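Down below is the structure, laid out as C-alpha cells.
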Protein chains: 2
Amino acid sequence: MKSTKNTRDAIRSTTDLATRLHLSRWTISRVLNGHSGVSEETQTRVRAAMQELGFQPNSLARGLRKGTTNIIGICLPEIEGLYLGQKLEFLRRALAAEGFHAMAAITNGDLQEEAQAFDRFRNLRAAGVVSFASQLTARHPRVRSITEAGIPLVFVDPTIRPPKGSVCVDRSTGMQEAVEYLFSLGHRHITTLGLGPDGHYSRDRMQGISHAYAAHGWEARHFVRQVPLANEGLSHYANGRASAAAVWNANFHPTAVLTVNDRVAIGLMDGLRSLGVRVPEDLSLVGYDAMEVGAFLSPRLTTIDARPDELIAAATERLLQSIRGEDPGAAPEVIPTRLLPRDSAGPAREPEA
Amino acid sequence: MKSTKNTRDAIRSTTDLATRLHLSRWTISRVLNGHSGVSEETQTRVRAAMQELGFQPNSLARGLRKGTTNIIGICLPEIEGLYLGQKLEFLRRALAAEGFHAMAAITNGDLQEEAQAFDRFRNLRAAGVVSFASQLTARHPRVRSITEAGIPLVFVDPTIRPPKGSVCVDRSTGMQEAVEYLFSLGHRHITTLGLGPDGHYSRDRMQGISHAYAAHGWEARHFVRQVPLANEGLSHYANGRASAAAVWNANFHPTAVLTVNDRVAIGLMDGLRSLGVRVPEDLSLVGYDAMEVGAFLSPRLTTIDARPDELIAAATERLLQSIRGEDPGAAPEVIPTRLLPRDSAGPAREPEA
DNA sequence: CTGTTAGCGCGTTCAA
DNA sequence: TTGAACGCGCTAACAG
C-alpha cells in the first residue's frame with residue numbers, strides 16, 4: 001500500500017509517477033536516462049509531470065545501480081583568504097551545465113582531512129574530484145583508490161610537486177618578473193618575507209628570484225635575504241606586522257620586500273608604519289595573490305595576480321574532458337601570473353651600484 | 001564470481017569482508033550498526049579488519065536502505081567575504097565528532113540555487129541542513145519538503161525575517177550601541193551608507209539607529225541621512241570608494257558614517273582620502289563585520305563584530321539537538337554583537353547642539 | 001514501442 | 001549468537 005492511484009498522494013518514486021501517468025515505471029526510467037524507445041509524446045508528458053510535481057529520482061538508488069553519481073567533489077583547504085574563492089562560481093556553473101553538482105569539503109589545510117574527503121567522494125561514487133592546494137601525492141593510498149575507481153581527478157595548484165593531471169601557477173616566472181620590475185626601479189637588495197626553504201610554493205618562487213639575478217650575471221645570495229614569518233601561531237596579517245622589525249634590519253639594507261602573500265604584506269605595511277618607515281619611499285613592497293582589498297589601501301599594494309580565473313577555467317576544462325573520456329594529457333598545465341604594478345613599490349631609496 | 005576467497009582481492013562489500021573473515025555478512029552488518037548479538041572478540045576482529053583494509057560500507061546502499069545518510073548539507077551564499085568563513089571549521093569538527101560529514105553547496109547568493117541545493121540535500125537523504133544567510137522563507141516549497149522529510153534545518157542569520165529554528169545576529173541592538181558610542185564622541189549628524197529601506201538586515205539596523213536617537217528624545221530622521229550604494233554592479237570595495245562624494249555632501253554635514261559592512265567602509269576610506277577628507281579628524285567611520293584586515297589599516301577600522309563564533313556554536317548545538325530528537329524550540333536565538341572601538345571613529349569635528 | 005526479470009549493497013525481520 | 005529471505009528505488013538486458 002505504499003503507493004495508490006490517488007492523485008493527491010506524494011510522488012516518491014518512479015513507480016508512483018508511473019501509476020500516476022498510467023505508464024510502467026520502466027518507461028519513466030527510459031525517459032530519465034534518455035534512452036530510445038519512448039514516443040515523443042510520452043516523453044514530453046513524463047517530463048512535464050516531473051517538472052510539475054517536482055519529482056526527482058532517488059540519487060542514492062540511482063548511484064547504487066549505476067555505480068556513479070552526478071556529484072563532483074571539491075576539496076578546499078580553507079574558505080577565508082582563498083584567492084580562488086570567488087572564481088569557484090565559474091566551476092559550479094560549468095559543471096551544472098553538464099548536469100553535475102559541486103559538493104565542497106573544507107579540509108582545514110589538513111592532510112588527513114583531505115584524505116578522508118577523497119575517501120568519502122569515492123564512497124559516494126562521485127563523477128569527479130577537484131582538489132585545491134592539495135597536500136596529497138599521487139602515491140597516497142586515498143589518491144590511488146580514487147584513480148583506481150576510475151574517478152577523474154584534477155589538482156589545482158597543489159602544494160607539493162604537481163602530480164599528473166594538475167593545473168599549476170607559474171610561480172617561478174611570476175617572481176622573476178617581479179624582480180625584474182624591481183630592478184627596473186633601481187632595486188638590488190631585496191628581502192623576502194615568509195618564503196622559507198620548505199615547500200614547493202616557496203622553492204619555485206625562490207628559484208624565480210634566482211633566475212632574475214642570474215639573467216643579469218648576479219648571484220642572488222649576495223643580494224637577497226630571507227626572513228621567516230615571526231610566529232606560525234599568528235594569522236598572516238599579524239605575522240606580517242610582527243615581522244616589521246626583522247625586515248627593517250640595520251644589518252641589511254633592503255630597498256624592497258617580496259612577501260609570501262598580500263595578507264602578510266598588509267600586516268607588514270602596518271608594522272612599518274609603526275616604525276616610521278615609509279612605503280614606498282623608504283621601502284618598496286610587493287605582495288602576492290591580488291586580493292581585492294589591496295587596491296584600496298594607501299599606498300595601493302603592488303602585487304602578483306595568480307590568475308585564479310584562468311586556473312579554474314583550465315581545471316574545469318580538464319575535468320570535463322576526463323569525464324567525457326578524453327585524455328587531457330598528463331603534463332601539468334602551467335598558468336602564467338601577472339604583475340600588478342601599483343603604488344607600494346617605487347624607485348629605490350638611493351642609486352645602488 | 002564477484003568475490004573470491006583470495007586474500008589479495010579488493011574488499012568492496014560487506015560480503016567480501018565476511019568471506020575474508022569467514023563470517024556471514026549479516027554479522028558484519030551488525031557490528032557496523034552497533035547491534036547486540038555479536039561476541040566481543042568477533043567485533044574487535046571485524047573492526048580491526050575494516051581499519052586495516054580501509055573498508056567503508058557503501059554509503060549509497062546504506063542511505064537507500066536506512067532512508068538517511070550521515071551527510072549534513074551546508075548552504076553557503078558565497079565563499080569570499082563571508083564573515084563566518086573561518087569559523088565553519090568549528091561546525092565541521094563538531095559534526096565529525098558525531099559521525100557526520102559536512103558537504104557544502106555554494107549558492108552564489110541566488111535564491112534558485114539555494115532552493116536547488118535544498119532539493120539535492122533532501123534527495124541525498126541528508127541528516128540535516130544548515131543554511132547561511134538564507135533567502136528562503138519557511139513557506140517555500142523546497143523548505144517545506146525538507147521539513148516534511150523530517151530533516152532538521154537550521155538557518156543562520158537569514159536575510160529574511162527569521163523562520164523558526166533560526167540563529168540570528170542582533171543587528172538592532174548592535175547598531176544602537178554603535179550610535180550611542182558615536183553620541184558619546186559628540187556626534188549627532190550621521191550618514192548611513194548602503195543601508196536601504198529594503199531587506200531585513202537593513203531594516204533591523206535602521207531600527208537600532210532610531211532607538212538610539214529615541215532614547216535621547218530625538219527623532220532620527222532629523223539627524224540621519226541614508227546614502228545608497230553607488231552602483232550595484234560594482235564590488236563592495238569599489239562601491240564604497242565611488243560613494244565618497246555622495247557621503248561628503250555639502251548639503252548635509254555628517255560627522256560620522258555607518259557603513260553596511262567593512263568592505264564598503266574600506267572603499268569609502270580610500271575615496272575620502274582622494275577627496276582630502278581625513279578619517280577620523282573630518283569624518284568618523286564605523287564598519288560592520290570585523291574583517292581581520294580592518295585592524296591593519298591606517299586608521300584602524302572601528303567596526304561591529306557579529307560574533308560568528310557564537311553564531312556557529314549556537315547553530316551547531318541546535319542542529320545536533322534536532323538530530324537527537326530534542327526540540328531546540330522554535331524561537332529564534334539572538335546573538336548580541338560587540339562594538340570594536342578602534343581609530344576610524346573619533347571625537348566629532350565640532351561640538352554640536 | 002512497452003513490459004519483465006534480475007540485482008546494485010545494505011539493514012531489518014524472522015527463524016534457527 | 002548466527003543465518004536467511006526480503007526489499008529500499010533504480011537501471012540494464014532481454015522479451016514481447
Side-chain angles (χ1 to χ4, degrees), chain A residues 1-3 9-46 50 53 55-71 99 120 122-127 149-150, chain B residues 1-3 9-46 50 53 55-71 99 120 122-127 149-150:
Chain A
M1 189 96 91
K2 69 197 172 231
S3 72
D9 271 5
I11 305 293
R12 308 202 168 286
S13 66
T14 48
T15 310
D16 292 355
L17 187 61
T19 53
R20 177 89 151 71
L21 296 178
H22 304 292
L23 295 168
S24 81
R25 75 190 172 83
W26 297 275
T27 303
I28 307 289
S29 181
R30 282 193 194 90
V31 174
L32 236 32
N33 295 283
H35 287 183
S36 59
V38 183
S39 70
E40 276 299 331
E41 189 202 327
T42 311
Q43 281 193 38
T44 49
R45 204 155 68 89
V46 171
M50 279 175 41
L53 300 168
F55 171 74
Q56 284 188 314
N58 185 324
S59 299
L60 263 17
R62 217 161 200 243
L64 176 60
R65 185 62 238 246
K66 302 219 299 185
T68 179
T69 63
N70 56 4
I71 294 174
R120 263 180 286 132
R122 183 190 53 78
N123 193 300
L124 282 176
R125 306 296 188 267
Chain B
M1 189 96 96
K2 67 193 174 233
S3 74
D9 271 3
I11 306 292
R12 307 202 167 287
S13 65
T14 47
T15 310
D16 291 356
L17 186 61
T19 54
R20 177 88 152 70
L21 296 177
H22 305 291
L23 294 168
S24 79
R25 93 183 163 76
W26 295 274
T27 303
I28 307 288
S29 181
R30 275 192 272 272
V31 174
L32 235 33
N33 296 283
H35 288 183
S36 60
V38 183
S39 69
E40 277 299 330
E41 188 202 329
T42 313
Q43 282 193 38
T44 50
R45 203 156 68 91
V46 171
M50 280 176 39
L53 301 168
F55 170 75
Q56 285 188 313
N58 185 323
S59 300
L60 264 18
R62 216 159 201 248
L64 177 60
R65 182 61 235 237
K66 301 217 300 183
T68 180
T69 63
N70 56 5
I71 294 174
R120 262 181 286 133
R122 184 190 52 79
N123 194 301
L124 281 176
R125 305 296 187 268

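As the structure is a computational prediction, the values presented were derived from the model and not from experiment. What's counted below: heavy atoms across the whole structure, side chains too, no hydrogens, waters or symmetry copies. In the text below, chain A, chain B and the rest are named by the order of the sequence lines, each starting its count at 1.
The phosphate of dC10(C) has neither OP1 nor OP2 within less than 4.0 Å of any side-chain N or O from Asn58(B). Using a 4.0 Å cut-off, some side-chain N or O of His35(A) falls inside it from OP1 or OP2 of dA12(D). Listed pair Ser29(A) / dT11(D) meets the phosphate criterion, a side-chain N or O lying under 4.0 Å from OP1 or OP2. Arg12(B) has no side-chain polar atom (N or O) that falls below the 4.0 Å cut-off from OP1 or OP2 of dG9(C).
Distance Ile11(A) CD1 to dG9(D) C1': 14 Å, rounded to the nearest Å. Here dC8(C) presents its P atom at 17 Å from CG of Asn123(A), a figure rounded to the nearest Å. One atom, CG of Leu64(B), and another, C1' of dC8(D), lie 4 Å apart when rounded to the nearest Å. When the C1' atom of dA13(D) is taken as reference, atom CG of Asn33(A) falls 14 Å away, rounded to whole Å. Leu60(A) has its CG atom 22 Å from the P atom of dG7(C), to the nearest Å. Atom C1' of nucleotide dG9(C) and atom CZ of Arg125(A) are separated by 9 Å, given to the nearest angstrom. The nearest whole Å value for the distance from the NZ atom in Lys66(B) to the C1' atom in dG9(D) is 18 Å. Regarding Arg65(A), its CZ atom lies at a distance of 6 Å from the C1' atom of dC8(C), rounded to whole Å.
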Between the protein and nucleotides 1-3 of chain C, which nitrogen or oxygen pairs come in under 3.5 angstrom?
residue : atom : partner  : partner atom : Å
dG3(C)  : OP2  : Ser24(A) : OG           : 3.1
dG3(C)  : N7   : Arg30(A) : NH2          : 3.3
dG3(C)  : O6   : Arg30(A) : NH2          : 2.1

(request) Determine, step by step, whether Trp26(B) and Thr14(B) satisfy the side chain to side chain contact (heavy atoms under 4.5 Å, CB included) criterion, reporting the C-alpha distance in whole Å, the side-chain angles of both residues, the deciding distance to 0.1 Å, and the verdict. (result) CA-CA 8 Å; Trp26(B) 295 274; Thr14(B) 47; over 6 Å; no
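Side chain Arg25(B) to base dG11(C): a donor-acceptor pair is found below 3.5 Å.
At distances below 3.5 Å, at least one donor-acceptor pair connects side-chain atoms of Thr69(B) with backbone N or O atoms of Arg125(B). Between the side chain of Asn70(B) and the backbone N or O of Ala127(B), no donor-acceptor pair lies under 3.5 Å. Listed for the Arg12(B) side chain is no donor-acceptor partner under 3.5 Å among the backbone atoms of Asn58(B). Under the 3.5 Å distance criterion, the side-chain polar atoms of Asn33(B) are left unmatched by any main-chain donor or acceptor of His35(B).
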Listing, residues 37-44 of chain A side-chain donor-acceptor contacts under 3.5 Å, not counting sequence neighbours, or none:
residue  : atom : partner  : partner atom : Å
Ser39(A) : OG   : Thr42(A) : N            : 3.2
Ser39(A) : OG   : Thr42(A) : OG1          : 2.5
Gln43(A) : OE1  : Arg47(A) : NH2          : 3.1
Gln43(A) : NE2  : Val38(A) : O            : 3.2
Thr44(A) : OG1  : Glu40(A) : O            : 3.2
Thr44(A) : OG1  : Glu41(A) : O            : 2.7

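Between Arg25(B) and Asp16(B) the shortest side-chain heavy-atom distance does not fall below 4.5 Å.
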